[in-house]
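Below, read A as the first sequence line, B as the second, and so on, with proteins coming before strands; counting in each chain starts at 1. Keep in mind the model is a prediction, meaning the values are calculated, not measured.
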Amino acid sequence: MTAIWSIATPVGDKPATVPSAAPTKRRAGLPLLLLVAWLVVPLVPVVLWSVARGWFFPALLPAEISLAAWARAFANGSDVWRALGTSVGVSAAAAALGMLIGVPAGRALGMHAFPGKRWVEMLVLAPILVPGLGVAMGLHAVMIRLGLTGTAGGVVLVFLVPVLPYVVLISASVFATHDRAFEAQARGLGASSWQTLRHVTLPMVAPGLSVAAAFAFLVAWSQYGLTLLVGGGRVITMPLLLGQSIAAGRNDLAGVAAVLTILPGLAVLVLTSTLLGRGGRR
Amino acid sequence: MSTVAIRSLTKRYGPGGAPAVDGFSLDLAPGSLTALVGPSGCGKSTVLKCLAGLVDADGGDVLIDGSSVLGLQPERRGVVLMGQDHLLFPHLDVAGNVGFGLRMRGEPAGNIARRVEEMLALVRLEGFGPRRPHALSGGQAQRVALARALIVKPRVLLLDEPLTSLDPELREEMRGLIRTVQRATATTTLFVTHDREEAVSVADGVALMLGGRLVQHGAPDAVFERPATRAAAAFFGASNILEGRFEGDRFVTAAGTLRLAAIGEGSATAVAARPEALILGARPGAENGLDGLVRSVGYRGTHTLVEVEIGGGVMLTVAAPAASHRSVAVGDRVRIALPAEALWPLSG
Amino acid sequence: MPVRAASVRRMVAPTVAVLGLLFGGGLLLAVLQTIGVSPFVGRFDVSLAAYRQVAGLPGLWASIVLTVWVATASTVLSLGIGVSAAVALRRLAADTVLGRATLFLFQANLTVPHVVAAVGAVWLLSQSGLLARAAFGLGLISGPQDFPALVYDRAAIGTILAYVWKEVPFVGVVTLSLLASVGDRPGQTARSLGATRWQAFRHVTLPQIRPGLIACGTIIFAFALGTYEVPALTGASQPKLLPVLAYEMFTSHTLADRPAAVALSLTTAAAGLGMILAWRSLLTGARR
């Protein structure tokens, strides 16, 4: 490139510094590197504690690596097994119920104008913007009456409050970008409304809706305050088990619980990104 | 009025990729309007982006008024790019859009308002200042974009297919407006288009770009009627190409010997002729007459395209008067004349 | 294919019913409870005693100030860092390994529950945490007590950092999609009209992504205002953040405290609701 420059640049002209991509990227490199570090660093002690035995100040790394906490976590009938089961169960149930209830509403909001739409939107947005603790406290007395406090069913029910808005909003955005001309085309080609749904609409919106389902699962999986309040200490999910281990000063068990609390999210991320990738290629 | 000199400009996207722009050189005279024409993908938009500073060139140089601009940030080049989409800022009204460049320079509000009025008058949109971009028609939006570009008195105005998204009638009108405004402001302008008629009708000079390189640069009638190469002839619609060899001012082809008004260089092995320059049904004994067989007749409204097979299996296309489709039929034997002035030797 | 109003109603009815009953009903019962009405317990002695009890809580003002401080600081920092990161990522490093790594971490981070963020913050920032150990190793401090109190502290630095750690990726991902929908060309047009890089962002790109960022900030603010587990794990025992205070009052053995706890939660929720309306009018005002 230097050679071309010396030919192309008239004598006396400064050999213009080409704003090539390299220096600009280097300038952004350091802040981004710091950002990456900042995103990773808090997870380092989480992983280390899960395999540490005797890790006291000022040791930077555990003196001894041990899988004892993991072995204990996965022993038969351990708290961890039970909490994992509870977490998977209530999160999946809340996500499934949420999809069943919320996807039709998402379709209506995304594709149709109808009287009162603004109010439905407000109602859907409200749980995202209004802290749920007060609402759950209000429901508490009714749920005691119905015998739902301290049960997984009761927890699933209140999880719908934070889960539904995400399902409705995500599926609304999926349906908003869905072109109804495809459905009209299918009907014109002789498909019934059910066939159109089955063979045209669903395949087209499936990747987007699976993201909604994944999000719903994760929102339920991450709940803490609502579980504590409605579960009344009898429904122990992974986040709650983590809190209990911290309170008990068992950092090693807490480390294991923390790692196990993160993993489903990562799995879901990998799953949805491959799903979306496949959807995008189509 | 600024001069622009593009010198051996090269740009490739991605390491190891084929160059989009490959040693491209072009000079623009001060105050001129040059059309840069070529098929899509020939690299013409990349040239504009290099000039505007939106992509970094890999090699070569761009000199404006004698000094290189490649090292300058986009806003310091005095080069304004206006594209196919008007790209009016949706959050600003028309006056805010037109005055944008002056506001960025920190000019006093009174000055900006006065200059905005002047520019809106120039593009014949007096009183449109308070309108919102979404309330404008396509043609109006494009005129606002033109006013916004010219208010900063750019050294060079780059227009990237500015009329492509407009209706045909509107396109004609905008073409005239661009020409008028460009003359009034004497702004050195490079106008990219893939439409050869648009290129020759709007510009002082036409530059043809093919495969990342400059193929020909000259006056509109020159590039239209005297293409330099087979590819240039094909692009400008000089679709009749006869292969052969020169003997003095005679050109010998398989179908017969032709006299040319222009003398080809020794290396020329082909001549080109535009379909509308050929004459269908020439009298016997007319100069450069060739006999042939009509292979197809296609009515085009303003003219009729007749394909004639002459000796040696060569096919010639003649743009005959529209009424010809009633007098000529497939299978007819006809005689066509190739006037000496209509034949142009190709060098490559 | 015209869609009949009835079929649209059928589509939204389940969601409206469930949210109306659980959210709306819960809210209504909560309000009733604070004014002494508990239909399911059969109590109907209307009074504002619960609110008086809340107003008389020792250290209430310190808790309010701290809660608003945490929510504001978390929102401002998350927006600032998240937007800058997204802009840098999009402009300079979209195709680099570093850029892809950041994007992956953004997405991965979104899936991490807040409770893990809080635990991570404690183990990293406490006086015997990883940073303190590193500082000791470098000879910067001579013992845990020399390390600044970043968790369990009165300024709630650890709580804020835990929120910011969680919300920066949220802001980043949202901003990236906002930037993608605006595209590069408005900014480039501004540059070619003579705007500097900063001016192009400030006057052209930012106004176009502002509504999305305001919505994003609202969500973060509301979340930081009402979440229990993060301050519960990272906060000081005095003053407590409002959600912690409310939860502890609700679950204390004194059942008489419950209406006051609900009143406290509702006051926080009311602040959130007030914000939705304020933001909405701001948003529609800006759109005109």
Report summary line: Answer key: most heavy-atom pairs under 4.5 Å with chain C among A/Leu228, A/Val158, A/Leu160, A/Leu100 is A/Leu228

Report summary line: Output for pair (A/Met137 CE, C/Leu29 CG), nearest 0.5 Å, gives 14.0 Å

Report summary line: Applying a strict 4.5 Å limit to non-hydrogen atoms, the region of A/Val161 in contact with chain C is both

Report summary line: Looking only at C/Leu125, C/Leu32, C/Ile219, C/Val112, the option with the highest number of non-hydrogen pairs under 4.5 Å against chain A is C/Ile219

Requested in this report: Measure across C/Pro243 and A/Leu133 and return the closest heavy-atom pair with its distance rounded to 0.1 Å.
Outcome: O-CD2, 3.8 Å

Query - Contacting region of A/Phe56 [heavy-atom separation from chain C under 4.5 Å] - result: backbone

Report task. Side chain from CB out, backbone as N, CA, C, O: work out which of these in A/Leu266 comes under 4.5 Å of a heavy atom of chain C, or both, or neither. Result -> both

Requested in this report: Against chain C, label A/Leu60 side chain, backbone, both or neither, depending on which of its atoms sit under 4.5 Å from a heavy atom there.
Outcome: both

Query - chain A contact via C/Ala132 - which portion, at a heavy-atom distance below 4.5 Å - result: both

**Report entry** Separation between NE2 of A/His112 and OG of C/Ser7, rounded to the nearest 0.5 Å
**Finding:** 6.0 Å

Requested in this report: Could you look at C/Leu233 and say if it's the side chain, the backbone, both or neither that has a heavy atom under 4.5 Å from chain A?
Outcome: side chain

Query - When A/Leu218, A/Val168, A/Val270, A/Val142 are compared by non-hydrogen pairs under 4.5 Å with chain C, the top option - result: A/Val142

Report task. With a 4.5 angstrom heavy-atom cut-off, could you sort out which part of C/Gln33 is near chain A: side chain, backbone, both or neither? Result -> side chain

Report task. Would you name the heavy atoms of A/Leu157 and C/Leu22 that are closest together and state the gap between them? Result -> O-CD1, 3.2 Å

Report summary line: Residues A/Pro239 and C/Val115: closest non-hydrogen pair is CB-CG1, 3.7 Å

Requested in this report: Could you tell me which non-hydrogen atom of A/Phe57 sits nearest to which non-hydrogen atom of C/Ser128, and how far apart they are?
Outcome: CD1-CA, 3.7 Å

Requested in this report: Please report the shortest heavy-atom distance between A/Pro131 and C/Ala222, naming the atom on each side.
Outcome: CG-O, 3.9 Å

Query raised in the report: Can you tell me if C/Thr15 uses its side chain to pair, donor with acceptor, with the backbone of A/Ile101 under 3.5 Å?
Result: yes

Report task. Can you tell which part of A/Leu123 gets under 4.5 Å to a heavy atom of chain C, answering side chain, backbone, both or neither? Result -> both

Query raised in the report: Where the side chain of C/Arg133 meets the backbone of A/Ala59, is there a donor-acceptor pair that is under 3.5 Å apart?
Result: yes

Report summary line: Okay, C/Tyr247 and chain A: the region with an atom under 4.5 Å from a heavy atom over there is both

Report task. Grab the two heavy atoms, one from A/Leu35 and one from C/Ala85, that are nearest each other, plus how far apart they are. Result -> CD2-CB, 3.5 Å

Report task. Heavy atoms only, distances under 4.5 angstrom: which of C/Ala30, C/Gly26, C/Gly226 has the most pairs with chain A? Name it, please. Result -> C/Gly26

Query - Proximal to chain C - members of residues 37-47 of chain A, heavy-atom separation under 4.5 Å - result: A/Trp38, A/Leu39, A/Val40, A/Val41, A/Pro42, A/Leu43, A/Val44, A/Pro45, A/Val46

Requested in this report: Take A/Val268 and C/Thr111 through the test side-chain contact (heavy atoms from CB on, under 4.5 Å) and record every step on the way to the result.
Outcome: CA-CA 8 Å; A/Val268 163; C/Thr111 70; 5.8 Å; no

Query - Side chain / backbone / both / neither for A/Val124 at chain C, heavy atoms under 4.5 Å - result: both

Query - Side chain / backbone / both / neither for C/Val244 at chain A, heavy atoms under 4.5 Å - result: neither

**Report entry** Heavy-atom check, side chain of C/Trp123 versus side chain of A/Leu48, under 4.5 Å
**Finding:** no

Query raised in the report: Quick one: CD on C/Glu229 to OG on A/Ser222, what's the gap to the nearest 0.5 Å?
Result: 8.5 Å

Query raised in the report: In terms of heavy-atom pairs under 4.5 Å, which option from C/Val16, C/Leu19, C/Val12 contacts chain A the most?
Result: C/Leu19

Report task. Could you look at A/Ala254 and say if it's the side chain, the backbone, both or neither that has a heavy atom under 4.5 Å from chain C? Result -> both

Query raised in the report: Can you find a heavy atom in the side chain of C/Val119 that is under 4.5 Å from one in the side chain of A/Trp49?
Result: no

Report task. Mind ranking A/Leu164, A/Leu263, A/Ile128, A/Leu269 by heavy-atom pairs under 4.5 Å with chain C and telling me who comes out on top? Result -> A/Leu269

Query raised in the report: Hey, does C/Pro113 have a side-chain heavy atom less than 4.5 Å from the side chain of A/Tyr224?
Result: no

